[in-house]
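Report on one structure; see the data block that follows.
Atoms within a ligand are numbered from 1 in the order they appear, just like the ligands themselves.
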Amino acid sequence: MLPRIFHSKPSTFFVLVVSLVILALSFLPSTTLLPRLRLLTSHFTLRPISTAATTVNNTTNMASYAQELNIALLAVQRATLLTKSVFHSHAKGTLSKNDASPVTIGDFGAQALIIAALQHAFPQDAIVAEEEAKDLRENESLRDLVWDLVQNAKLADSSAEETLGGPIKSPAEMLDIIDKGDSAGGSSGRIWAIDPIDGTKGFLRGGQYAVCLGLMVDGDVKVGVLGLPNLPESDSEPLVEGIGAEQTDAAGKGVLISAVQGQGAASRPLGKGALAEGHSIQMKPLENVSEATFCESVEAGHSSQGDAADIARKLGITKPSVRMDSQAKYGSIARGAGDLYLRLPVKKDYVEKIWDHAAGDLIVREAGGEVTDVEGKRLDFGQGRTLKNNKGVIAAPKSVHAQVIEAVKSVLGSK
Ligand code: AMP
Ligand code: MG
């Protein structure tokens, strides 16, 4: 007769055997088996801890980024006002890009102001910015011009100014601040990307340019802000051909467009002090891609206008393209003033810079769009200072993006 236990259910039998093995192991001296067993049990006890970590991560993912957005909006607004003031005091029709050109002065000044604000609010964060202070260190008169502007760039609201940490203290501090934008970028931690004046040619001709700021966390864009002083304040104003020049200070111009991941995109008038009230924006619903208005660069060297025309033809688009400089293209389609943004590589070896796309990419996606490269891959902001894994940019409403990519592939593939 077998003992009763062998007649019980197999699961009870299994539990008994496992218990006996564990009991036997606990009597063994320190053998190689024991540490293994400990490792095994610690793996299981770690489970709840890693669940807790996931919870913390989820909370971070769902972070409101309210403070980041507020600082970014105010910093971009202040820097945008500086660029406007330099246009008036120094541009006077010059189209030069020499050392002391308005665009150089504006670039340095805007970068100094934005980094100063970020350093005050988020001293631990890394920064990728386009400019470095080397030229200013070597050229005293240029440095003085920039310092003069930076000193006088204040928001007309003392509490907003205080939020940004107040003025920079000296020319030397200003140079050090400018050089803080030298991060190599990458896929971990909090990294801000700044383009102090995107669309330099547009700036010089009084057309479209943008002051751009994006926050990436672990390579993912979380907050994006664009200062667009020469775009219409009104979201519904359709894009017109002349938008690319002589818009500075025309009535009803100047807007801040922003987005936070998971919270949508917004637009507000560009003010001079505290932030104006914002309202949410969406891309225009597009029933048929053939009705689209598409935006592209003014500079033929930045995006192939011939390829864009071929792609448009393939999609049945009959409206002429709207050409404008800078990330104003992203802002314009995000609020439904246009529909598509095509950026088609001209030079095979050119790599796009993260500061030219971080804010715009998030703004369009949060407004209901899709942003990819010409192959349909999402832009990868975790690769350093450039988008080395991507070629070109195609931004479109979700409903037609795949169709646009198909046309892009067929045109580019046939070359
Ligand atoms: P956009 O105003 O849209 O034409 O873009 C302006 C940006 O184009 C500048 O900030 C430059 O970083 C970038 N850029 C410079 N050279 C090229 C190029 N060959 N292809 C694409 N973008 C470029
Ligand atoms: Mg740029």
Looking only at protein heavy atoms, identify the closest one to atom 22 (N) of ligand 1 and say how far it is in Å. Arg343 NH2, 2.9 Å
Considering only heavy atoms, does Glu352 approach ligand 1 within less than 4.0 Å through its side chain, its backbone, both, or neither? side chain
Nearest non-hydrogen contact with atom 18 (C) of ligand 1 belongs to which option: Cys212, Gly301, Gly207? Gly301
Glu299, any N or O under 3.5 Å of ligand 1 N or O: no
Taking 4.0 angstrom as the limit and counting only heavy atoms of Lys347, give me the atoms of ligand 1 inside it, by number and element. 19 (N)
Derivation of the side-chain hydrogen bond (donor to acceptor under 3.5 Å, both in side chains) call for Gln383 and Asp380: CA-CA 7 Å; Gln383 294 299 313; Asp380 179 359; 3.0 Å; yes
Part of Asp198 with heavy atoms under 4.0 Å of ligand 1, whether side chain, backbone, both or neither: side chain
Answer key: the N, O or S atom of Asp356 nearest to the Mg ion (ligand 2) is OD1
Within ligand 1, which atoms have a heavy atom of Lys329 less than 4.0 Å away? 1 (P), 2 (O), 3 (O)
Stepwise salt bridge (Lys or Arg N to Asp or Glu O under 4.0 Å) check, Glu370 with Lys398: CA-CA 5 Å; Glu370 198 84 76; Lys398 273 202 181 102; 5.5 Å; no
Should His357 and Gln327 be marked as a side-chain hydrogen bond (donor to acceptor under 3.5 Å, both in side chains) after you check the CA-CA gap, both sets of side-chain angles, and the distance that decides it? CA-CA 7 Å; His357 302 283; Gln327 292 194 51; 6.0 Å; no
Could you tell me the separation between the NZ atom of Lys253 and the CD atom of Glu233, rounded to the nearest 0.5 Å? 10.0 Å
Counting both backbone and side chain atoms, is some N or O of His302 under 3.5 Å from an N or O of ligand 1? yes
Provide the atom name of the closest N, O or S atom of Asp195 relative to the Mg ion (ligand 2). OD2
Once you restrict to heavy atoms under 4.0 Å, what part of Asp356 touches ligand 1? Side chain, backbone, both or neither. side chain
Report yes or no: do Ser188 and Asp218 form a side-chain donor-acceptor pair below 3.5 Å? no
Under 3.5 Å, side chain of Asn230 to main-chain N/O of Gln208, donor-acceptor pair present? no
What's the shortest distance from atom 1 (P) of ligand 1 to any protein heavy atom, and which residue and atom give it? Ser297 OG, 3.4 Å
Please tell me whether Glu352 and Asn390 have a donor and an acceptor in their side chains that are separated by less than 3.5 angstrom. no
With side-chain hydrogen bond (donor to acceptor under 3.5 Å, both in side chains) as the test, would you mind laying out the steps for Ser303 and Gln305 before giving the verdict? CA-CA 6 Å; Ser303 180; Gln305 296 170 348; over 6 Å; no
Arg190 and Asp125: CA distance, side-chain angles, deciding distance, salt bridge (Lys or Arg N to Asp or Glu O under 4.0 Å) verdict: CA-CA 6 Å; Arg190 289 169 51 105; Asp125 291 2; 2.8 Å; yes
for atom 14 (N) of ligand 1, nearest protein heavy atom and its distance come out as Tyr350 OH, 3.0 Å
What atoms of ligand 1 come closer than 4.0 angstrom to any heavy atom of Asp325? 2 (O)
Glu130 N/O/S atom closer than 2.8 Å to the Mg ion (ligand 2): no
Select the closest option to atom 2 (O) of ligand 1 among Gly392, Gly199, Ser326, judged by heavy-atom distance. Ser326
Ring centres of Phe87 and Phe203 under 6.0 Å apart? yes
Between Thr83 and Tyr209, a side-chain donor and acceptor under 3.5 Å: yes
Restricting to N, O or S, what is the name of the atom of Asp198 that lies nearest the Mg ion (ligand 2)? OD1
